[in-house]
Amino acid sequence: MARGAFIVLEGLDRTGKTTQCMKLVNSLVKNNYEAKMLRFPERDTEIGNLISNYLTSDKEFNDRTIHLLFSANRWEMADKIKKLINSGTTLIVDRYSYSGVAFSYAKKHLDLKWCMQPECGLPKPDLVLFLDLSIQELEKRGGFGNERYEKPEFQSRVREAYSQIKEDYWEIVNANDTLENLHNILYEKVKKTSVEALLLRTPDVDLTLQPILVLPCQLERLQSICQRHSAEHPAYSPDLAPPPDYFLFGLLKKELMGKRFDSDEDVQKVVQDFFHTLPKSAYKEGIYKLPERWRQYIESQGDYSRTSLIQHPKGSELSVELKEVLN
């Protein structure tokens with residue numbers, strides 16, 4: 001049996017996800033694809049009805065309870081999702097686990113890993129299309145502010161939370177476009193994914209979520225630290241210049257972005273270790289970028305210890321600054 005594709009549209013509130021989901025299903029059906037739309041929360045179930053009353057502020061739950069209700073709402077639809085995609089139906093889904101994690105984590109007092117855990121094991125999408133729109137544009141959309149979470153400050157925190165959980169099967173799409181232009185862009189991406197699922201007959205797999213706790217805005221601030229560090233940092237020997245800041249930042253970024261982190265403390269430790277003693281392996285991998293005198297020095301050292309190359313004279317000061325960046 002040919003497999004259908006599982007495609008999710010994500011984004012902040014009022015970015016046009018529901019409208020685009022409906023248009024995508026209509027276009028797929030017109031072009032002879034089996035396609036259906038699902039929307040989370042699914043408000044027609046008993047759990048979904050509780051969620052609906054919460055969103056319209058008719059009912060109150062504490063933050064952990066409502067988070068688990070949102071997750072339970074997805075779990076009660078999990079078997080239906082698997083059955084449909086395995087029967088050859090392409091599913092276009094308005095919001096999924098990522099919304100649940102991002103909106104809960106944006107409340108600030110819930111741990112990111114805790115927010116992710118209930119989602120693990122749900123069916124994994126083939127493609128997530130994130131409709132990106134500025135907060136200023138969101139506020140201009142009709143109906144913005146009607147539901148509990150539709151507040152500019154909160155939506156900004158949700159955007160930041162999304163950036164910590166996006167995966168390599170996501171595509172970011174600028175939603176500040178006409179309805180038809182945006183539909184055409186999305187349809188081409190959806191059609192390509194649907195054809196791949198049909199031809200490759202890839203099996204459905206379970207969703208796993210892991211946090212990435214280093215944000216682009218944090219990397220910008222880390223780069224400025226690298227620049228200052230490079231200017232102030234004394235060389236190991238007076239006749240050796242410190243590595244240029246662009247190289248220093250490149251190594252740090254590689255050190256961070258190639259890993260997953262479970263907590264802020266894990267990130268801080270990697271960064272502090274990096275500055276305290278620049279990794280020998282990183283220098284060797286990028287040695288061609290170093291000035292000649294650095295290259296000669298490193299090659300002459302053999303199996304030197306990690307502490308023999310560079311030490312930062314203001315370790316405690318740097319530690320405080322890094323903690324402020326990463327918090």
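T89 places no side-chain N or O within 3.5 Å of a backbone atom of I85 that could act as its donor or acceptor partner. At least one donor-acceptor pair under 3.5 Å links the side chain of T56 to the backbone N or O of N53. For R95 (side chain) and K17 (main-chain N/O), no donor-acceptor pair under 3.5 Å exists by modelled atom type.
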**Asked** Is there a side chain to side chain contact (heavy atoms under 4.5 Å, CB included) between I47 and I51 once you walk through the steps?
**Response** CA-CA 6 Å; I47 293 174; I51 294 171; 4.1 Å; yes
* To do: Go through the steps to decide whether D13 and Q155 satisfy the test side chain to side chain contact (heavy atoms under 4.5 Å, CB included), and finish with yes or no.
  => CA-CA 8 Å; D13 291 333; Q155 293 289 315; 2.9 Å; yes
**OP:** Starting from the C-alpha separation in whole Å, work towards a yes-or-no answer on salt bridge (charged side-chain N to carboxylate O under 4.0 Å, His left out) for E160 and R157.
**Re:** CA-CA 5 Å; E160 185 172 291; R157 296 203 301 270; over 6 Å; no
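Annotation: salt bridge (charged side-chain N to carboxylate O under 4.0 Å, His left out) contacts of K80 (sequence neighbours excluded): none. Residues passing the salt bridge (charged side-chain N to carboxylate O under 4.0 Å, His left out) test with E171, sequence neighbours excluded: K189. By the ring-ring contact (aromatic ring centres under 6.0 Å, His included) test, Y149 is found to be paired with F103, F154, residues two or more places apart in sequence or in another chain being considered. Looking at residues two or more places apart in sequence or on another chain, you find a ring-ring contact (aromatic ring centres under 6.0 Å, His included) between Y162 and F130.
A side chain to side chain contact (heavy atoms under 4.5 Å, CB included) with L9 is found for exactly one of L186, V190, V173, namely L186.
Its side chain within the 4.5 Å cluster rule, L68 clusters with L110, W114 among the Ile, Leu, Val, Met, Phe, Trp and Tyr residues.
Residues in residues 54-67 take part in these salt bridge (charged side-chain N to carboxylate O under 4.0 Å, His left out) pairs, two or more places apart or across chains: E60-R148, D63-K107.
Heavy atoms only, all atoms of each residue included: S71 and E119 are closest at OG-OE2, 3.0 Å.
Other residues, nucleotides and ligands place no more than 12 heavy atoms under 6.0 Å from the CD atom of Q117.
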